[in-house]
A.B. asks: 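The structure follows.
Indexing begins at 1, ligand by ligand and atom by atom, following the structure's order.
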Amino acid sequence: MSTLTASENKTTSQKDFLPLQGTDYVEFYVGNAKQAAHFYKAAFGFQSLAYAGPETGVKNKVSYAVRQDKLTFVFTTSLRTGSPIADHVYLHGDGVKMLALSVEDAVSAWHETTNRGGRSFMEPVRLKDEFGEIVLSGIYTYGETVHLFIERKNYNGAFMPGYREWKSVFCPPPTGLKYVDHCVGNVGWNQMDHWVRFYEEVMGFRNILSFDDNDISTEYSALMSKVMSNGNGYVKFPINEPAEGKKKSQVEEYLEFYNGEGVQHVALATDDIIGSVTQLQDRGVEFLKVPSTYYDDLVSRVGKIDEDLEPLKELGILVDRDEEGYLLQIFTKPVEDRPTLFFEIIQRKGAKSFGKGNFKALFEAIEREQAARGNF
Ligand code: FE2
């Protein structure tokens with residue numbers, strides 16, 4: 001059963017040693033950053049923000065930063081073989097490398113986390129240009145994924161030193177996506193509790209919600225999940241691990257194709273899910289579909305909601321309710337060739353949970369996709 005942990009209602013008098021102001025950006029290592037940036041502009045409605053590459057003094061890689069409201073994505077490609085970025089793409093395919101978090105003090109963030117056992121990715125460095133200074137540092141989390149700590153209070157340039165503003169004549173309208181709601185990691189067998197402890201001990205997070213394989217299983221596959229949240233709730237990282245089932249679970253399939261642990265999905269918040277998903281579908285973003293019978297008993301299951309049922313059904317948007325309200329959500333198919341990273345679009349109307357009532361319908365939809373890929 002899903003359980004709220006004891007610490008959920010406990011007020012902590014301890015000072016938060018890693019105060020986080022939210023997600024600063026998500027950086028993807030990809031095979032072709034130029035084309036990836038174009039896809040996220042055209043399909044998801046991001047706008048050109050900044051570019052780094054040989055023309056800006058960066059020798060061996062290019063990066064394109066795009067933005068929509070508080071969401072910033074960066075796509076990076078190596079210009080040469082035999083580099084850590086090229087090796088990352090060779091091993092994992094396109095995927096999330098950095099979950100960058102905004103902090104007041106990136107030097108303190110690095111000391112606090114590495115003193116607690118965090119493995120350093122990057123000691124604090126100061127980057128300067130004519131627009132000011134950014135301080136950044138970083139530690140590894142699961143797999144080869146990294147948390148960067150970004151301090152940008154003394155910076156007012158487009159993105160960060162090393163980049164120049166990227167102006168483009170191609171500016172497709174936004175789709176109403178606003179910020180990262182949560183970001184889910186897939187970890188290996190028996191590794192969930194290890195990474196729960198990492199977030200608790202190294203980063204001061206709390207486990208606010210747990211799901212076991214009774215909550216998240218279908219006839220064929222299963223997984224377990226624990227949701228980690230920082231003190232102010234701005235940053236939430238659910239952690240999944242596979243559980244035994246008759247067939248390969250979606251987490252196992254991910255681990256196999258990604259060649260290890262990594263980010264499974266990033267949930268993007270909107271205030272108008274019907275408007276956003278209509279736009280996204282019109283622009284070619286593919287979503288998982290549940291059978292139309294899902295909507296037959298929806299109102300009796302979740303109670304009265306503000307939205308008309310018909311557009312929800314037409315678009316395939318799911319609804320779930322908890323004690324505090326309800327939420328609407330939908331999941332894309334994987335956004336690259338390997339069945340690895342996908343996105344969730346979510347609109348919260350009071351609910352603070354993650355759509356437990358939709359797990360079964362959703363996982364059956366995922367299994368139909370897996371079956372089409374030949375999963376046994
Ligand atoms: Fe999610």
A.B. asks: Is Arg368 paired with Glu364 through a side-chain N to carboxylate O contact shorter than 4.0 Å?
C.D. replies: no
A.B. asks: Return the set of residues passing side-chain contact (heavy atoms from CB on, under 4.5 Å) with Asp306 (not counting sequence neighbours), or none when no residue passes.
C.D. replies: Tyr326, Lys349
A.B. asks: For distances below 2.8 Å, what is the count of protein N, O or S atoms around the Fe ion (ligand 1)?
C.D. replies: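 Excluding waters, the total comes to 3.
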A.B. asks: Do Val266 and Cys183 come close enough that some side-chain heavy atom pair is under 4.5 Å?
C.D. replies: yes
A.B. asks: Return yes if a side-chain donor-acceptor contact under 3.5 Å exists between Trp195 and Thr141, otherwise no.
C.D. replies: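 Short answer, no.
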A.B. asks: Would you call Asp271 and Lys178 a salt bridge, using N to O less than 4.0 angstrom?
C.D. replies: yes
A.B. asks: Just checking, is any N or O donor in the side chain of Asn186 or Tyr142 under 3.5 Å from an acceptor N or O on the other one?
C.D. replies: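 Side chains of Asn186 and Tyr142: no pair found under 3.5 Å.
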